Protein chains: 2
Amino acid sequence: MCKLHINLYLYIMDNKKQYTELLVDPSSFLPGVSIDCVVIGFDLTELNILLLQLKKHDLWMLPGGFIHLNEDMDQAATRILEERTGIKLPYLKQFHTFGDVNRRENTKFPGVNHMLGEPFEKMIAFLEKRFISSGYLSLVDIRNCAPTPDAMSDECTWIPVNLLPVLLYDHGDIVKKAMEQLRSRINYMPVGISLMPEKFTMKEFQTLYEKILNKSLDRGNFQKKMLKLEFLVRHEKKLSGGAHKAPYLYSFNKNRYNELVEKGIGYIN
Amino acid sequence: MCKLHINLYLYIMDNKKQYTELLVDPSSFLPGVSIDCVVIGFDLTELNILLLQLKKHDLWMLPGGFIHLNEDMDQAATRILEERTGIKLPYLKQFHTFGDVNRRENTKFPGVNHMLGEPFEKMIAFLEKRFISSGYLSLVDIRNCAPTPDAMSDECTWIPVNLLPVLLYDHGDIVKKAMEQLRSRINYMPVGISLMPEKFTMKEFQTLYEKILNKSLDRGNFQKKMLKLEFLVRHEKKLSGGAHKAPYLYSFNKNRYNELVEKGIGYIN
DNA sequence: AATTAATGTGTAATTTGCACACAATATTTA
DNA sequence: TAAATATTGTGTGCAAATTACACATTAATT
């Protein structure tokens, strides 16, 4: 779903204001294909997913959009994501294309049948056709990310993956598939650099792995394994964390880390 | 590319015969999206890929087609593959969607500009629009497969992967990505059951792995590893294979094998 | 100064990976 | 008929990785 899409539908719902400046000629888009982004962030405790909300209808959805005719699909995904989060150069990868006939049947837009003014007709016709959607998985640092809800007051919020509301269309399936992808390809994705803050404790890093893999890991073995790979730089200790030994802070040697990710590192076997 | 597409273009090239009975209303297809199948077979020596050839133009391409409006994308892939190979219930999985603007620029159809009769105009207009294409990887037993070239005398042939000709559009990239997918997911695909004949020797099974992984494996370790997993059933020996000890023949315990493939087995680490 | 709770590291048992050796055996050949 | 041949089936030893703990360390609290 792109801004255009949302705004248009909001217009349909409200039927008050004029948002014609947001209208784009749908013939500039590749028909039949949309892009949906599963943007994952980590708050050092839980994995979160970036969702858009249409407040009036309590309707949640993935940020998405359409592909311009002169635009590569990957470019379109990058553009759409930047429009939504303000983040540039995120880790972003296509993971699956969803093409069931009924993929929009589960949770539909409410009240689409209400009608509206003339300039929207082409767009409505475009939107109501059948679409397949390519899912893109993005890993971003939740702290560098400025989700920007658009002019129409819909919200753009991080929601914990285990507390997801019912989503539009098949977006729930798309998120599920993205999480499976993340789990099964964890060794080949830069989960650390993409999801962790600049400095972090080993415990926090381990929590990331545990949340992705959905199982607990042995603390000692995790620490030794990660240290032996030599992509972590140790810094000063983090004090005042409680009545116990203070942990070191770590950061990434990015060159070394990216090298290793190419070949596949980590904690699946 | 589907029969329709090929035949249509042959018509354009020849401009002699009438194949109007093959014409389909393009509005019955989802616009902007095609499917291309990378069908892989194993002849006990090499991996082969099923290609279609337009003889007159020495043009090779993947079997492909379009998605009917009332058809799931996976269904469409199954249908297209069955039309091409006669095989039902193959292993068939979407692996990537190719969406570059220029994906049809490298190797184009020759001489599309020649014109033609009226009933084709809609179809031509449909075909010349921009398409993205979802790649499906299929693993089939080359011996149970009856490739059926269509009425128009194009060929449908198994070609060894290391001897591929230049392919239409970006089909070379699609094959390459499919092979990477096969290699990296070998432990999660039923490569054995899908690609091997009913009975086979351990040597032949090992060759399959070596061709997929593109490296040689230690014979003794391969044999022990596979036997320990207990999905192979040992049969009588295969005699008259030369001046040496005769190898056993093996087949799959399909239940056990499929169980293991679910969890991931095999020879990547 | 003792207690507490979490961190950093060590160790032993087990499993797996890897390289190679050796024995077994259909067929060929002398 | 017996030796030679080439390939299969299996064993063995060493290195590396995995796993499950144990133990020592230490910043803050009591």
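Note on naming: letters A, B, ... go to the chains in the order of the sequence lines (proteins, then strands), and numbering restarts at 1 for each one. The structure presented is a predicted model; accordingly, all values stated were derived computationally and were not measured. All values below were derived from every heavy atom in this structure, side-chain atoms included, with hydrogens, water molecules and symmetry-related copies excluded.
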**Prompt:** Without hydrogens or angle criteria, can the side chains of A/E230 and A/N253 be said to hold a donor-acceptor pair below 3.5 Å?
**Reply:**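 There is no such pair (donor and acceptor under 3.5 Å, judged by atom type) between the side chains of A/E230 and A/N253.
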**Message:** Hydrogens and angles aside, do B/D74 and B/Y136 bring a side-chain donor and acceptor to less than 3.5 Å of each other?
**Reply:**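 Their side chains do contain a donor-acceptor pair, which is all the 3.5 Å distance test asks for.
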**Asked** Is the ring centre of A/F252 less than 6.0 Å from the ring centre of A/F205?
**Response**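 They qualify: ring centres under 6.0 Å apart.
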What is the distance from [atom1] of [X] to [atom2] of [N], rounded to the nearest Å?
X: A/R219; N: D/dA20; atom1: CZ; atom2: P; value: 15 Å
X: B/Q223; N: D/dT7; atom1: CD; atom2: P; value: 15 Å
X: B/I268; N: C/dC18; atom1: CD1; atom2: P; value: 12 Å
X: B/L217; N: C/dG17; atom1: CG; atom2: C1'; value: 13 Å
X: A/E236; N: C/dT7; atom1: CD; atom2: P; value: 17 Å
X: A/R234; N: C/dT7; atom1: CZ; atom2: P; value: 13 Å
X: B/N187; N: C/dT16; atom1: CG; atom2: P; value: 15 Å
X: B/H235; N: D/dT8; atom1: NE2; atom2: C1'; value: 17 Å

**Request:** Using the side-chain contact (heavy atoms from CB on, under 4.5 Å) rule, take A/S134 and A/I132 through it: C-alpha gap first, then chi angles, then the decisive distance, then the call.
**Result:** CA-CA 7 Å; A/S134 277; A/I132 68 169; 5.8 Å; no
**Asked** Under a 3.5 Å cutoff on both atom distances, Watson-Crick or G-U, what's the dot-bracket for DNA chain D ([ ] crossing, | other strand)?
**Response** ||||||||||||||||||||||||||||||
Taking [X] for the side chain and [Y] for the main chain, is one N or O donor matched with an acceptor at less than 3.5 Å?
X: A/H235; Y: A/Y250; result: no
X: B/R256; Y: B/L229; result: yes
X: B/E210; Y: B/L217; result: yes
X: A/N48; Y: A/E46; result: yes

**Message:** Is the positively charged end of B/R185 above the ring of B/Y188, judged by distance under 6.0 angstrom from the centroid and angle within 45° of the axis?
**Reply:**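 Positive - B/R185 is close enough to the ring of B/Y188 and near enough to its axis.
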**Asked** Taking the side chain of A/D218 as its heavy atoms from C-beta onward, which of D/dA27, D/dG9, D/dA20 lies nearest to it?
**Response**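 Nucleotide nearest to A/D218's side chain: D/dA20.
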**Asked** Does A/Y250 have a side-chain nitrogen or oxygen under 4.0 Å from the phosphate oxygens OP1 or OP2 of C/dG8?
**Response**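 The answer is yes; a side-chain N or O of A/Y250 sits under 4.0 Å from OP1 or OP2.
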**Asked** Given C/dA5, is OP1 or OP2 found less than 4.0 Å from the side-chain N or O atoms of A/K245?
**Response**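 No, outside the criterion.
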**Message:** Pick the closest DNA chain D nucleotide for B/T201 and for A/K238 by heavy atoms, then say which residue is nearer the 5' end.
**Reply:**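 Its nucleotide being nearer the 5' end, the pick is B/T201.
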**Message:** Can you work out whether B/L249 or B/H244 has the more 5'-proximal nearest nucleotide on DNA chain D?
**Reply:**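 Comparing both residues, the 5'-ward one is B/H244.
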All N/O contacts under 3.5 Å from nucleotides 12-17 of chain D to the protein, with atom names and distances to one decimal?
| from | atom 1 | to | atom 2 | distance (Å) |
| --- | --- | --- | --- | --- |
| D/dT12 | O4 | B/K224 | NZ | 3.1 |

